[in-house]
S.K.: 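Please see the structure below; I have some questions.
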There are 2 protein chains.
Amino acid sequence: MIFRQLFEPESSTYTYLFGNRETGEALLIDPVLEMVERDLEAVQELGLALAYTLETHIHADHVTSACRLRSLTGCKVAYPSMDDLPCADIGVSEMAPLSMGAISFHPLYTPGHTETHHCYLVDVPGAIRVFTGDALLIDGCGRTDFQGGDSAALYRSIHDKLFSLPADTLVFPAHDYQQRRVSTVAQERDRNARLGSGRSLADFQRIMSELDLPYPKRIDVAVPANRLCGDCPEEDYIRLQEPEGPSMQG
Amino acid sequence: MIFRQLFEPESSTYTYLFGNRETGEALLIDPVLEMVERDLEAVQELGLALAYTLETHIHADHVTSACRLRSLTGCKVAYPSMDDLPCADIGVSEMAPLSMGAISFHPLYTPGHTETHHCYLVDVPGAIRVFTGDALLIDGCGRTDFQGGDSAALYRSIHDKLFSLPADTLVFPAHDYQQRRVSTVAQERDRNARLGSGRSLADFQRIMSELDLPYPKRIDVAVPANRLCGDCPEEDYIRLQEPEGPSMQG
């Protein structure tokens, strides 16, 4: 198995690359439109072919490169099935994980940052990882004031679905604004300033209600674009529907 | 493969447990004397037998449980061969890694905190880890003013041996005093306040010379005890030499 953590500095987004040497396939979690070239180069350098993109949620701070990557490589675009996006090839849910050979991406339904947010658990022997999107961040969490956000729901998602994972589960968030890259479930349970040891639901709701954050700069562009899997040009989409692209079948 | 990160709060020491399901063996990196019971319970709960203890260096802040564990389980005690300890069963070096079935512990000679300090690289597919002892800590490093410490040597060890590892290598230190548990090579290269991006050797030497740390509380007890692999009672040692203990042969 191959694993890479990639960083996009404009929105401080981490994109995660998984590769399966046995099948020759690669998967990207939360790829960013501006980084298509870098991501494809990384996949190619590893001698792999991009097979899937997988989103944790409909992002408000950047546009996904999902459908751009599909145009360029014929990969399949996976989204939480709850998002009900016509542009997606695959809908994932807790009952419908995504597998790339022996590597399985188990969705965990974790509403609160957005209404349909999912984390992904990847349990490879000796290295269990959870990709927490904008639900759980290192010593923080995503905001809960847009897109059906709900601080009580986020508290429950994090406590019930993430803090109940094994202590050594590696936590890989979708963002960090201080260049931190990884944490563990034990670390966040112990010391997350908003959600860790000793923080009640009431504490968390108060903290979130007092954040006083600015209106998200890119939300009015990013959310509609992401509901179109990154807003592919129509000609790309039409090309993909044509019979000469058998690898594009969803 | 099984992996656990265990914490001892008195000296803020992380002990690392590796298990190999195929051989039924377990290994502990830097076990602490006061935590013998917890560590043996963890090994037993996993259905494993302790096969090895492995030390990064002669600790000054806690006493190892190495020879106590050997008395209790018949495990083998591994130390850097440079330490030249008569109490050790196995001497490891860059040329002599330690293997537990398919899991290999590759020593990296990293002097600077102590003269004979070693880190251990464990490269399992898709999850490369380095155990950095007291050389590289999260956003910090070990002190360099005792036991042959040398800040120029530590700077070179970290830059040449650790920062040259793949960016996604997980960094597991021997201590953290803020309950942080894991970092990566990329994170430390980017943001380690003493050694990261933009810090020259001269900067580092100045920082280390200005730390003004107190005399280590336990050094006068811990170092001599650790040079005896934790200062086993003589009767234990004698018992181990007797022919009825065939599993104790070094």
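Naming convention: chains lettered A, B, ... in sequence-line order (proteins, then strands); numbering from 1 in each chain. For clarity, every value in this text was computed on a predicted model and none was experimentally measured.
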S.K.: Name the region of B/L170, side chain, backbone, both or neither, that has any atom closer than 4.5 Å to a heavy atom of chain A.
M.R.: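 The side chain, not the backbone.
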S.K.: Check each atom of B/V182 against the heavy atoms of chain A and say whether the ones under 4.5 Å are side chain, backbone, both or neither.
M.R.: both
S.K.: Give every residue pair that meets the ring pair (Phe, Tyr, Trp, His ring centres under 6.0 Å) criterion with at least one member in residues 181-201 of chain A, sequence neighbours excluded.
M.R.: none
S.K.: Would you enumerate the inter-chain donor-acceptor pairs between chain A and chain B whose distance is below 3.5 Å?
M.R.:
residue, atom, partner, partner atom, Å
A/M1, O, B/G126, N, 3.1
A/Q5, N, B/D168, OD1, 3.2
A/Q5, N, B/D168, OD2, 3.3
A/G126, N, B/M1, O, 3.1
A/G126, O, B/R129, NH2, 2.5
A/R129, NH2, B/G126, O, 2.5
A/D168, OD1, B/Q5, N, 3.2
A/D168, OD2, B/Q5, N, 3.3
A/Q178, O, B/R191, NE, 2.5
A/Q178, O, B/R191, NH2, 3.3
A/R181, N, B/Q187, OE1, 2.7
A/Q187, OE1, B/R181, N, 2.7
A/R191, NE, B/Q178, O, 2.5
A/R191, NH2, B/Q178, O, 3.3

